[in-house]
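Quick notes on the structure that follows.
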2 protein chains.
Amino acid sequence: MVVDEGSEDRVFHALSDATRRDILARVFRDGMSVSALARLYPMSFAAVQKHVAVLEQAGLVTKERRGREQIVHGAPDTLRGAIDGLMDVYERIWRQRAGRIERILEEES
Amino acid sequence: MVVDEGSEDRVFHALSDATRRDILARVFRDGMSVSALARLYPMSFAAVQKHVAVLEQAGLVTKERRGREQIVHGAPDTLRGAIDGLMDVYERIWRQRAGRIERILEEES
DNA sequence: CTAACGTACAACCACATGGTTGTAGATGAG
DNA sequence: CTCATCTACAACCATGTGGTTGTACGTTAG
């Protein structure tokens, strides 16, 4: 694995807040400064800053310093990893069903 | 939408715990009773029961009573919904990049 | 019937979370 | 240089979280 284990917890926790998911969707479309993001939500700058920090800790976004601004970008690899993890769980039910069908077809009655 | 809004928070929060993700993976492969699940983890029955309740509230599992046991099954639709939501965010970066390329190709220099 | 099992739920605790305000350091504009 | 802007971070508070133990109830086995 590329990233350390236990980070999955942080990734999904980061995704468990609507404001953070909105921030994520926006910065994935186009990078934005922290203060530009802060203007979008009915909460203090510090609160938005904390949300960005949670996303950054989870590895879902990166920050790029540009002048006195900090531009937030989406990090595709981590998000891709989360999707892959869920897909693995999701696919189990189909593998399991396929196995059952197979066993039925193998029956010699 | 099939499910009420604000439930995305609950879904991702439910996924943000390693024990719950493990439970989910197991019951997606094959239904298990709550007590059978409880035997798998180094914590009290009540704790596992709470984890199952969180997954159930999020709509990620369902319970089916069988005798005195409660069989826990994975709920594919909700998980699929979570995956779809992440895919939407993920795809934005590609749409945005495709748009940039398009604009470059349209330049008349 | 009785005893054991599977489940549910309340009460409690330590700790994390999401929000606030306030202070302080870099950086760019004039 | 000076001032406004952007960012960072600490302190604080109410609430939620993950864990515990204890109690209670329905159901099956003997």
Side-chain angles (χ1 to χ4, degrees), chain A residues 4-27 30-75, chain B residues 4-27 30-75:
Chain A
D4 71 300
E5 278 322 311
S7 67
E8 291 265 281
D9 283 25
R10 252 167 298 172
V11 171
F12 286 114
H13 170 252
L15 292 169
S16 73
D17 181 281
T19 302
R20 286 196 289 261
R21 286 196 302 278
D22 194 72
I23 291 175
L24 203 61
R26 287 177 184 275
V27 301
D30 229 338
M32 293 180 70
S33 73
V34 180
S35 51
L37 285 168
R39 275 177 234 119
L40 299 173
Y41 307 100
M43 65 185 75
S44 68
F45 175 84
V48 173
Q49 196 178 253
K50 275 198 196 177
H51 282 307
V52 172
V54 169
L55 289 167
E56 191 183 19
Q57 282 274 339
L60 283 165
V61 305
T62 57
K63 287 194 279 190
E64 168 214 0
R65 170 139 258 135
R66 218 162 78 188
R68 62 182 164 189
E69 293 187 335
Q70 198 86 259
I71 309 297
V72 182
H73 299 272
Chain B
D4 70 300
E5 278 321 311
S7 67
E8 291 265 281
D9 283 25
R10 253 168 296 174
V11 171
F12 286 113
H13 170 253
L15 291 169
S16 74
D17 181 281
T19 301
R20 286 196 289 263
R21 287 196 303 276
D22 194 71
I23 291 175
L24 202 63
R26 287 177 184 274
V27 302
D30 230 337
M32 294 180 71
S33 74
V34 180
S35 51
L37 285 167
R39 275 178 234 118
L40 299 172
Y41 307 100
M43 64 184 76
S44 68
F45 174 85
V48 173
Q49 196 176 252
K50 276 198 198 177
H51 281 307
V52 173
V54 169
L55 289 167
E56 192 184 17
Q57 283 273 339
L60 283 165
V61 304
T62 57
K63 286 194 279 190
E64 166 214 1
R65 171 139 256 135
R66 219 162 77 186
R68 62 183 164 189
E69 293 186 334
Q70 198 86 258
I71 309 298
V72 184
H73 299 272

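Below, chain A is the first sequence line, B the second, and so on; all start at residue 1.
Inter-residue side-chain proximity for B:L37 and B:V27 is flagged as met; some heavy-atom pair is nearer than 4.5 Å.
Put simply, CE on B:M32 and CZ on B:R39 are 8.0 Å apart, with the number rounded to the nearest 0.5 Å. Taking OG from A:S16 and CD from B:E8, the interatomic distance works out to 11.0 Å, rounded to the nearest 0.5 Å.
In this structure, B:L15 atom CG and D:dG18 atom P are separated by 12 Å, rounded to whole Å. Computed from coordinates, the B:R66 CZ to D:dG26 C1' distance equals 18 Å when rounded to whole Å. A straight line from CD of B:Q70 to P of D:dG26 spans 15 Å, rounded to a whole angstrom. If you measure from atom CD of B:E69 to atom P of C:dT7, you get 6 Å, rounded to the nearest angstrom. Counting to the nearest Å, the C1' atom of C:dA26 and the CD atom of A:Q49 are 14 Å from each other. For the pair B:F45 CZ and C:dC5 C1', the computed distance is 10 Å after rounding to whole Å. In this structure, NE2 of A:H13 is placed 6 Å from C1' of C:dT17, rounded to the nearest angstrom. Whole-Å rounding puts the B:K50 NZ to D:dT17 P distance at 10 Å.
Residue A:R20 is in sugar-phosphate contact alone, with no base atom involved, counting any heavy-atom pair closer than 4.0 Å across all strands shown. At the heavy-atom level, B:A46 lies under 4.0 Å from base atoms of the strands shown. Using a 4.0 Å heavy-atom criterion, one finds that A:T19 contacts no nucleic acid atom at all. Looking at heavy-atom distances under 4.0 Å, A:S35 makes contact with sugar-phosphate atoms alone, never a base.
Residue B:D17 has its side chain nearest to D:dG18 when only D:dA8, D:dG18, C:dA29 are considered. Counting only heavy atoms from C-beta on, B:H51 has its side chain closest to D:dG19 among D:dG19, D:dT27, C:dG18.
Sequence order on DNA chain C of the closest nucleotides to B:R39 and A:V54 puts B:R39 first from the 5' end. Remark on DNA chain C: of its neighbouring residues A:R68 and A:S44, the 5'-side contact belongs to A:S44, judged by nearest-heavy-atom nucleotide.
Judged purely by atom type and a 3.5 angstrom limit, A:R21 uses its side chain to pair as donor or acceptor with the backbone of A:L15.
In A:E64, the CD atom is crowded: over 12 heavy atoms of neighbouring residues, nucleotides or ligands sit closer than 6.0 Å.
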